[in-house]
Amino acid sequence: QLQLVESGGGLVQAGGSLRLSCAASGRSFGTYFTAWFRQVSGKEREFVAGINWIGERTSYADSVKGRFTIARDNAKTTVYLQMNSLKPEDTAVYFCAADPSPYVGPVAHEFDYWGQGTQVTVSS
């Protein structure tokens, strides 16, 4: 089993920044593809960013390109999401997801492991 715990969410004004962390424990996290998703109440979970196990391949949703950066530190078994130039429409619960496959598409149901989520609220 792999356990994922997100942290770093909070309330920030538009234009501000936050850094989310996803700490993993359990199996060989260093070999997992990892991603961030977000979800607004009543809507489907939306892909935000993904990163492969070695950190050299990343992908982003169009809505966050140029503003968000995903990175990982396998020694610390942690994945980060640096969020800059935040907008009110970025408000959501942010989830960390992981899967043992080398690459996973931006679809929530393809990921085997999930954290509990962390709330991000951006005020206008």
Side-chain angles (χ1 to χ4, degrees):
Q1 281 284 15
L2 184 73
Q3 290 80 41
L4 304 173
V5 178
E6 302 95 335
S7 62
L11 174 64
V12 64
Q13 288 189 333
S17 299
L18 283 175
R19 189 178 79 156
L20 305 183
S21 298
C22 172
S25 61
R27 293 187 174 213
S28 303
F29 177 72
T31 63
Y32 280 55
F33 186 92
T34 310
W36 287 93
F37 285 76
R38 64 188 182 187
Q39 188 170 25
V40 176
S41 181
K43 294 189 177 182
E44 292 189 356
R45 202 162 287 190
E46 171 191 32
F47 173 80
V48 175
I51 188 167
N52 71 335
W53 73 275
I54 200 172
E56 48 79 35
R57 184 178 181 183
T58 59
S59 55
Y60 295 92
D62 288 343
S63 59
V64 307
K65 278 181 182 176
R67 301 188 298 122
F68 291 11
T69 303
I70 189 171
R72 68 189 298 158
D73 184 338
N74 287 337
K76 296 182 178 179
T77 63
T78 301
V79 173
Y80 304 97
L81 184 68
Q82 178 66 44
M83 305 186 295
N84 298 329
S85 302
L86 282 162
K87 305 175 181 179
E89 51 264 43
D90 294 318
T91 295
V93 177
Y94 283 71
F95 295 90
C96 179
D99 193 88
S101 302
Y103 176 78
V104 184
V107 181
H109 68 75
E110 293 191 1
F111 286 82
D112 284 349
Y113 299 97
W114 291 87
Q116 294 300 306
T118 185
Q119 176 70 47
V120 171
T121 303
V122 184
S123 62
S124 57

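- Side chain of Ser124 to main chain of Pro88: no donor-acceptor pair is present (N/O by atom type, distance under 3.5 Å, no hydrogens or angles).
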Can you give me every donor-acceptor pair (side chain of residues 51-62, partner residue at least two apart or in another chain, under 3.5 Å) with its distance?
unit_1 : atom_1 : unit_2 : atom_2 : d
Asn52  : OD1    : Gly55  : N      : 3.1
Asn52  : OD1    : Glu56  : N      : 3.1
Asn52  : OD1    : Arg57  : N      : 3.0
Asn52  : ND2    : Glu56  : OE2    : 2.5
Tyr60  : OH     : Ile70  : N      : 2.9
Asp62  : OD1    : Lys65  : NZ     : 3.2

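- Residues Tyr113 and Asp99 fail the side-chain proximity criterion, which asks for heavy atoms closer than 4.5 Å.
- Tyr32 places none of its side-chain heavy atoms less than 4.5 Å from the side chain of Asn74.
- Put simply, the side chain of Glu6 gets close to the backbone of Gln116: a donor and an acceptor are under 3.5 Å apart.
- For Pro100 against Asp112, the heavy-atom pair with the smallest separation is CD-OD2, 3.9 Å.
- The salt bridge (Lys or Arg N to Asp or Glu O under 4.0 Å) pairs that include a residue from residues 75-96 are Arg38-Asp90, Arg67-Asp90, where partners are two or more places apart or lie in different chains.
- Here the CG-OG distance, from Leu4 to Ser21, works out to 12.5 Å after rounding to the nearest 0.5 Å.
- A single hydrophobic cluster is seen to contain both Val79 and Phe68, as judged by linkage of ILVMFWY side chains at heavy-atom distances under 4.5 Å, directly or through other members.
- In this structure the side chain of Leu20 reaches within 4.5 angstrom of the side chain of Met83, judged on heavy atoms.
- Here CG of Leu81 is found 6.0 Å from CH2 of Trp36. Values are rounded to the nearest 0.5 Å.
- Side-chain contacts under 4.5 Å among hydrophobic residues (ILVMFWY), followed directly or transitively, place Phe37 together with Phe33, Phe47, Val93, Phe95, Tyr103, Val104, Phe111, Trp114.
- A disulfide bond (SG atoms under 2.5 Å apart) check over residues 90-124, counting only residues at least two apart or in different chains, returns the pairs Cys22-Cys96.
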Exercise for review: Take Leu2 and Phe29 through the test side-chain contact (heavy atoms from CB on, under 4.5 Å) and record every step on the way to the result.
Suggested key: CA-CA 8 Å; Leu2 184 73; Phe29 177 72; 4.1 Å; yes

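- In this structure the side chain of Thr91 never reaches within 4.5 angstrom of the side chain of Val120, judged on heavy atoms.
- A 4.5 Å side-chain heavy-atom check between Arg72 and Thr78 finds every atom pair outside the cut-off.
- In this structure, Val40 stands alone, with no Ile, Leu, Val, Met, Phe, Trp or Tyr side-chain heavy atom under 4.5 Å from its own, directly or through other members.
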Could you give the side-chain donor-acceptor pairs of residues 10-19 under 3.5 Å, partners two or more places apart or in another chain?
unit_1 : atom_1 : unit_2 : atom_2 : d
Ser17  : OG     : Asn84  : OD1    : 2.9

